[in-house]
2 protein chains.
Amino acid sequence: MGVIKIPATIKDVAKYAGLSIATVSKYLNGGNVLEENRKKIEEAIRVLNFRVNELARGLKTNRTMTVGVLIPSLENIFFTSIISKIENILLQHGYSTIVCNYRENSTLEKIKLEFLVNKMVDGIIMVPHGGDISHIQEVRNKDIPVLLIDRMLKGVDCDVVMSDNLNAAYSAVEQLIMRGHRRIGIIGGPKNVYTTQERIKGYIRVHEDYAVDIDESLIKYGGYDIESGYRILEEFMEMANPPTSIFVTNYEMTLGAIMAINKNNIIMPDQVSLIGFDNIQLAKIVKPSLSIVVQPMDEIGETAARILLNRLNGDYGSFPSIHRLKTEILIRDSVKTLAH
Amino acid sequence: MGVIKIPATIKDVAKYAGLSIATVSKYLNGGNVLEENRKKIEEAIRVLNFRVNELARGLKTNRTMTVGVLIPSLENIFFTSIISKIENILLQHGYSTIVCNYRENSTLEKIKLEFLVNKMVDGIIMVPHGGDISHIQEVRNKDIPVLLIDRMLKGVDCDVVMSDNLNAAYSAVEQLIMRGHRRIGIIGGPKNVYTTQERIKGYIRVHEDYAVDIDESLIKYGGYDIESGYRILEEFMEMANPPTSIFVTNYEMTLGAIMAINKNNIIMPDQVSLIGFDNIQLAKIVKPSLSIVVQPMDEIGETAARILLNRLNGDYGSFPSIHRLKTEILIRDSVKTLAH
DNA sequence: AATATAAGGCTAAACGTTTCGCGATGGGAG
DNA sequence: CTCCCATCGCGAAACGTTTAGCCTTATATT
């Protein structure tokens with residue numbers, strides 16, 4: 001191994017510059033120092049390749065300059081795209097991003113949330129799993145700002161950044177109704193998950209607004225995973241009077257639905273039209289090209305990072321804030337217009 | 001906000017237990033203490049809800065219990081699947097995982113590597129971008145263990161965990177040759193990237209082993225991205241004597257190739273057979289079902305985490321070690337057997 | 001000339017752990 | 001009974017920063 005040099009400390013810098021530790025620390029933290037001293041300190045830092053020891057600084061300031069990010073999956077491009085944006089912005093502000101994946105497991109969610117707290121992260125951004133908020137309330141009781149993504153929780157005051165799920169569903173189903181569809185299936189997620197509830201509400205509201213009857217048997221709930229998308233697509237197609245179109249409300253279930261379509265040699269959109277959820281690459285891979293709801297992942301990530309940085313800087317204006325960001329509908333070849 | 005209680009320190013625990021700080025610290029670190037004292041300490045910890053302050057501990061031990069992970073993309077399921085495994089294993093050993101995404105940008109790679117060093121991570125796992133090793137050498141000079149994933153680098157001693165790229169390509173192309181293909185195109189990645197070099201070598205070697213002539217115009221180099229996969233697929237199909245099959249050597253370029261096939265209404269496998277790279281979900285989404293090389297992401301993640309933990313524990317047996325893990329070939333409907 | 005104010009450098013305590021080395025105690029061997 | 005050894009608790013220094021408050025010097029005001 002190469003020569004290992006013991007890193008210089010502020011004491012070395014002070015000694016080299018002929019100044020006190022306090023003066024160097026003052027300079028490091030933006031305080032006023034005489035021009036001649038500033039130059040001496042800067043040369044010392046350069047020559048000694050000094051870097052602040054963040055452990056020592058943290059012990060004094062009680063800050064780690066890290067943010068914990070807790071998500072249900074690292075194999076979900078929706079979440080990882082958001083994290084990508086968050087990590088980039090936080091790093092620009094000197095924060096590192098500790099990523100924890102709780103694998104859709106409530107117990108693991110609690111364990112890893114506590115892990116982040118024990119790691120003394122300055123703030124937490126998380127996609128909550130279900131409705132259990134006790135562990136999140138505990139974190140907030142420790143004065144650690146928590147920001148939720150994609151899902152809101154009742155009974156706990158947190159900033160939230162998410163898509164406008166209700167209007168996303170409303171717009172998607174509206175497109176189907178405008179194209180003559182009246183028997184529209186929807187594959188929702190777990191019933192206790194906020195996004196499921198909102199998307200179902202949008203589905204119902206657009207039916208009411210357009211005076212289209214709702215067949216309750218066309219509303220099914222999956223698990224936001226490939227398997228349930230597959231199974232429920234098959235269930236729909238096996239109905240005596242199947243839907244003419246299906247709206248699938250997350251990416252994984254969209255994957256499953258398409259697998260089922262392929263496996264059963266269902267002709268899309270002749271036998272059934274389909275609108276899925278994220279991502280834009282998938283839309284071009286599937287033939288015929290898939291219609292999808294596109295969520296604003298970049299905007300979600302940017303907004304989440306910006307708001308958490310405000311909280312970390314002590315800015316609690318407009319707390320708790322809820323940001324519902326617009327989605328976009330891409331109607332492609334997977335949706336057919338029905339004759340009257 | 002709820003009542004904020006100042007966290008208990010080791011002093012509080014010592015006071016409550018009627019013992020010294022040193023005795024409590026000894027207990028915390030697994031030292032021998034009298035049974036009666038152990039009980040007192042454990043009660044004190046429970047009653048006071050004491051948690052070790054990792055900043056103070058780190059200042060003393062010069063360890064942060066964090067590992068930095070530096071990857072080129074967070075929108076690539078290959079990398080994020082590996083990270084998922086790494087994060088889970090490291091957390092079980094008390095390490096947090098700081099994730100940095102350098103977005104395929106060499107300058108950002110250097111910046112974020114330095115960022116991780118400044119954050120005093122105990123070790124680094126990274127997917128290196130190109131052949132420039134100076135910044136990695138600097139990290140190793142600081143006695144921080146670095147483990148490379150997916151790509152090897154010449155001139156720097158690091159542990160490496162990756163797929164057996166040469167044999168992955170060999171086996172994939174072998175399947176094509178065995179099915180009668182003699183004009184086999186390959187879409188490689190950037191020329192200076194290790195995996196590209198290895199996969200091209202496998203392509204060449206299997207041609208030599210089966211005494212099949214190589215047409216150099218059938219070897220093209222993309223950028224490991226969707227655009228180049230798209231463009232090169234079109235280039236192949238516009239040739240006067242196009243290949244009867246194409247082997248695409250990474251996931252993104254496979255996406256691009258399929259988009260090009262869909263856009264140009266190319267009939268697969270009638271007009272061209274295709275073998276792509278990761279992921280298994282994509283294989284079932286595309287119709288006809290896609291043949292792919294499946295990389296052992298879980299195994300890569302597990303192996304990487306295990307080896308780095310060894311290095312972090314001071315175990316340098318077999319250093320530097322290179323682990324080439326086996327891939328798997330799934331031949332599905334996208335490959336046609338040619339008549340003689 | 002005297003007094004007040006401002007600027008900037010400095011000393012030393014503090015943050016919360018770890019750990020070295022000392023002292024006390026108890027048990028065993030000769 | 002004496003000596004030796006092992007065990008365990010303890011005091012205090014140290015890790016590398018930040019920062020309060022003191023001190024010195026220079027400038028401004030009366």
Side-chain angles (χ1 to χ4, degrees), chain A residues 4-42 44-45 48-66 94 117-122 142-143 314, chain B residues 4-42 44-45 48-66 94 117-122 142-143 314:
Chain A
I4 299 165
K5 208 173 56 165
I6 295 167
T9 73
I10 201 169
K11 284 170 179 166
D12 302 310
V13 174
K15 191 170 186 180
Y16 187 101
L19 293 163
S20 74
I21 289 164
T23 303
V24 176
S25 181
K26 189 186 194 187
Y27 162 80
L28 289 173
N29 291 292
N32 288 331
V33 297
L34 297 180
E35 178 68 8
E36 69 183 269
N37 288 339
R38 186 181 60 79
K39 281 169 180 167
K40 286 174 185 169
I41 294 169
E42 282 172 358
I45 289 173
L48 299 171
N49 196 28
F50 168 76
R51 293 284 184 273
V52 175
N53 183 315
E54 299 232 5
L55 289 164
R57 172 176 274 181
L59 181 57
K60 232 0 225 152
T61 62
N62 209 30
R63 304 194 85 175
T64 55
M65 295 307 289
T66 68
V117 169
N118 288 342
K119 285 289 174 178
M120 302 177 67
V121 294
D122 296 336
K142 289 180 163 67
D143 210 26
Chain B
I4 299 166
K5 205 174 59 168
I6 294 168
T9 72
I10 200 169
K11 286 169 177 165
D12 301 311
V13 174
K15 192 171 185 178
Y16 186 102
L19 293 164
S20 75
I21 289 163
T23 303
V24 176
S25 182
K26 190 186 193 187
Y27 162 82
L28 290 173
N29 290 292
N32 288 332
V33 297
L34 297 179
E35 178 69 9
E36 70 182 89
N37 288 340
R38 187 183 60 77
K39 281 169 175 165
K40 286 176 184 168
I41 295 168
E42 282 172 356
I45 290 174
L48 299 172
N49 195 27
F50 168 76
R51 292 286 183 275
V52 174
N53 183 314
E54 299 232 4
L55 289 165
R57 171 174 276 179
L59 182 57
K60 232 359 223 147
T61 62
N62 209 30
R63 304 195 81 173
T64 57
M65 296 305 290
T66 68
V117 169
N118 288 343
K119 285 291 173 179
M120 303 176 68
V121 295
D122 295 335
K142 291 178 164 61
D143 210 27

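Nothing here was measured: the structure is a model prediction, and the numbers come from that model. Every chain is numbered from 1, with letters handed out A, B, ... down the list of sequences.
Here the C1' atom of nucleotide dT17(C) and the NZ atom of Lys15(B) are 18 Å apart, to the nearest Å. Across the protein-nucleic acid pair, Lys26(B) atom NZ and dG9(D) atom C1' stand 7 Å apart, rounded to whole Å. Protein atom CD of Glu36(B) is 18 Å distant from nucleotide atom P of dT7(D), rounded to whole Å. Taking atom CZ of Arg57(B) as the reference point, atom C1' of dT18(C) lies 9 Å away to the nearest angstrom. In this structure, CG of Asn53(B) is placed 8 Å from C1' of dC15(C), rounded to the nearest angstrom. When the P atom of dA12(D) is taken as reference, atom CD1 of Ile10(B) falls 17 Å away, rounded to whole Å. One interatomic measurement links the two molecules: NZ of Lys60(A) to P of dC15(D), which rounds to 17 Å at whole-angstrom precision. At whole-Å resolution of the value, CG in Leu28(A) and P in dT19(D) are 11 Å apart.
Of the candidates Val13(A), Thr9(A), Ile10(A), Ile10(A) is the only one forming a side chain to side chain contact (heavy atoms under 4.5 Å, CB included) with Ile21(A).
Distances shown here put a side-chain N or O of Asn32(B) below 4.0 Å from the OP1 or OP2 atom of dC8(D). Taking only side-chain nitrogens and oxygens, Thr61(A) never comes nearer than 4.0 Å to OP1 or OP2 of dT18(D). For Ser20(B) and dC10(D), the shortest distance from a side-chain N or O to OP1 or OP2 is below 4.0 Å.
Mapping Ala56(B) and Ala22(B) onto DNA chain D via the closest heavy atom, the residue that lands nearer the 5' end is Ala22(B). When each of Leu19(B) and Ile21(A) is assigned the nucleotide of DNA chain D with its nearest heavy atom, Leu19(B) is the one assigned upstream, toward the 5' end.
Between Asn62(A) and Met120(A) there is a side-chain heavy-atom pair separated by less than 4.5 Å. By the 4.5 Å heavy-atom criterion applied to side chains, Ile45(B) and Leu28(B) are counted as neighbours.
Among the heavy atoms of the strands lying under 4.0 Å from Ser25(B) is at least one base atom, whether or not backbone atoms are also near. Counting non-hydrogen atoms under 4.0 angstrom, Leu34(B) reaches the backbone sugars and phosphates but no base. Looking at heavy-atom distances under 4.0 Å, Arg38(B) makes no contact with the nucleic acid at all. The residue Asn29(B) sits close only to the backbone: its heavy atoms come under 4.0 Å of sugar-phosphate atoms, none of a base. Among the heavy atoms of the strands lying under 4.0 Å from Phe50(B) are primed sugar atoms or P, OP1, OP2 only; no base atom is included.
Salt bridge absent: Glu54(B) and Arg57(B) never bring a charged side-chain N and a carboxylate O closer than 4.0 Å. The residues Glu42(B) and Lys39(B) are annotated as not salt-bridged, no charged nitrogen and carboxylate oxygen being separated by less than 4.0 angstrom.
With dG9(D), dT17(C), dT18(C) as the candidates, the nucleotide lying closest to the side chain of Val33(B) is dG9(D). Checked against dC15(D), dT17(C), dG8(C), the side chain of Lys11(A) finds its nearest nucleotide in dC15(D). Taking every side-chain heavy atom of Asn37(B) into account, dG9(D) is the closest of dG16(D), dG9(D), dG8(C).
Across Ala8(B) and Phe50(B), no two heavy atoms sit closer than the pair O-CD1, 3.4 Å.
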